There are 2 protein chains.
Amino acid sequence: MGTKKGTLREPTIKDIPQLFNVLTPEEQKYLLTNHTTLRYRKNQIIYQEGERPTGLLCIGSGKVKIYKEGMMGRDQIVRMASGPGFIGYRALFAHETHIASAVVFEPCVIFHVARDVIMKLMKSNNDLCMNIIQSFATELGFARFRTVSLTQKHIRGRLAESLLVLRDIYGYEADGHTLGIYLSREDLANFSNMTASNAIRTLTTFVKEKALTVDGRIIRILDEQKLERISRLG
Amino acid sequence: MGTKKGTLREPTIKDIPQLFNVLTPEEQKYLLTNHTTLRYRKNQIIYQEGERPTGLLCIGSGKVKIYKEGMMGRDQIVRMASGPGFIGYRALFAHETHIASAVVFEPCVIFHVARDVIMKLMKSNNDLCMNIIQSFATELGFARFRTVSLTQKHIRGRLAESLLVLRDIYGYEADGHTLGIYLSREDLANFSNMTASNAIRTLTTFVKEKALTVDGRIIRILDEQKLERISRLG
DNA sequence: CTATAACTATGTTTTAAAACATACAAAGTT
DNA sequence: AACTTTGTATGTTTTAAAACATAGTTATAG
């Protein structure tokens, strides 16, 4: 659950099991000499809406925010990602431009596997295809689930659910209560389909109801059951 | 564009190009003897939320509504499908239960390819994998796009967009104006994230604005430009 | 062929959430 | 240190959409 892993040693592409572990020794060798390692710092843009993907991107470590620009400059965060996993692969495989932007939230090590290289590997290795299919299936399921929540739940329910989703993705810090991601109120709002004002207000009421405590961007969840109840009924 | 195709002759699994055309003659033979053809009539349930998928389903002909149950029995139509294409494959490849239900909207011929059969074909045929990946990529893109629309656009914009999406999927009848799908006001509402009352009301205003005419479930689009404008700005 | 249910239509009321308006605190710059 | 920017907090107003109410209309079943 912790987020320390990346601080111990820099990850390599071997740390992306859904990519590396299914390859034959031969293919592994090929991949090792045919990828690049990119390092990003906070707020750097990995790719932007409208750009053409050049290959498969794999998060080795770090945290990434993926968002779409909505009406009147109101962003919608469609996904918060962390390693190990793929980003930007939808556009790659749909042969389209990116429909969302990816920006670094916490320093990242990212591996870039050029289109031809990943295609060649996929041609020779079915398990890799199946893993990519699995990623798609999971992500599409999550997208469906969230669409219903974001369109039908009320503000309290949306925010409570978002906090629980963030817990599922990033877990807690060592104390077992502090959310492992430190979003601004605005990002939290953009992840929960509401305005920043309402995110702030609603967080405040959650604090009053003793479901959590807040200290700047540090959110400590005190009562998961209560949040789950709010998420379900709100 | 037309919807007549199915009435001329009953489709076979050969009419699912993304499945059949990429197979070797050998594999085609195997598939031909290892699938079942299912016929459904209006309102029949193909699968339901919570059920476990048993194989890949391909729409040969007909129209299918795929929806998720939301809060307080309010359904959300996540997709309107027609042949040739896959349905229910997300759950199959995610190894999960269905997260949405599929119900027949217009009489369907559907091909069922058992899990083991499709898996075997995918193991031996990469182009098939790539086609399935392509389906996922397209559908995920659509889901993302719709999430932003359904959460951020106002009622008029959502309804206008939904009508244009339905046009893209089902096209027009021979007259070049009549939408090729006849949804109830409630279905239209469930596809546009609004209540039936608001779908009715908003349709009425579109008629007054001469963007379309309505006769029961028959919708004739008169001014696509106007709808596009409403979709963009609303 | 009536009865019952499902669908469509429209007016009225209520409510949730956005928009707007300040204000204060923290962080970063010059 | 003074200044600017950015993020957080709260109160007030406005508005979009839901909820509610009622009624006509069309299907469908007994």
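Each chain gets a letter, A, B and so on, in the order its sequence line appears, and its residues count up from 1. Computed from a predicted model, the values in this text were never measured in an experiment.
Between the P atom of C:dA17 and the CE atom of A:Met194 lies a distance of 8 Å, rounded to the nearest Å. Atoms OH (A:Tyr182) and C1' (C:dA26) sit 19 Å apart, rounded to a whole Å. Atom CD1 in B:Ile155 sits roughly 15 Å away from atom C1' in C:dA18 (whole-Å rounding). Note: NZ (B:Lys153) to C1' (C:dA17) measures 20 Å, nearest angstrom. Atom CD1 of A:Ile200 is separated from atom P of C:dC24 by 16 Å (rounded to the nearest Å). In this structure, NZ of B:Lys42 is placed 10 Å from P of D:dT28, rounded to the nearest angstrom. Atoms CG (A:Leu203) and C1' (D:dT8) sit 11 Å apart, rounded to a whole Å. Between the CD atom of B:Gln152 and the P atom of C:dA18 there is a distance of 10 Å, rounded to whole Å.
DNA chain D lies under 4.0 Å from no heavy atom of any residue of residues 185-192 of chain B.
Between A:Gly216 and B:Asn198, the residue whose closest nucleotide on DNA chain D is further toward the 5' end is A:Gly216. Ranked by how close their nearest DNA chain D nucleotide is to the 5' end, A:Val214 and A:His154 are led by A:Val214.
Side-chain contact check for B:Ile218 versus B:Leu179: every heavy-atom pair is 4.5 Å or farther apart.
The backbone N or O of A:Thr12 lies less than 3.5 Å from a partner atom in the side chain of A:Asp15, making a donor-acceptor pair. Checked by atom type and distance alone, the side chain of B:Gln44 never pairs as donor or acceptor with a backbone atom of B:Val103 at under 3.5 Å. Counting only distance, with no hydrogens or angles, the side chain of B:Ser231 and the backbone of B:Leu227 share no donor-acceptor pair below 3.5 Å. Remark: the backbone N or O of A:Val109 is not paired with any side-chain donor or acceptor of A:Arg39 at under 3.5 angstrom.
The shortest distance between the side-chain N/O atoms of B:Arg201 and the OP1/OP2 oxygens of D:dA17 is not below 4.0 Å. In this structure, B:Arg217 does not reach the D:dT26 phosphate: none of its side-chain N or O atoms is under 4.0 Å from OP1 or OP2. OP1 or OP2 of C:dA18 lies within a sub-4.0 Å distance of a side-chain N or O belonging to A:Thr195. Under 4.0 angstrom from either OP1 or OP2 of D:dT10 there lies at least one side-chain N or O belonging to A:Thr204.
Here the two rings, on A:Tyr89 and A:Phe136, have centers that are under 6.0 Å apart.
Geometrically, B:Arg146 engages B:Phe191 in a cation-pi contact defined by less than 6.0 Å to the ring centre and at most 45° from the axis.
Of the candidates C:dA18, D:dA17, D:dT8, the closest approach to any side-chain atom of B:Arg158 belongs to D:dA17.
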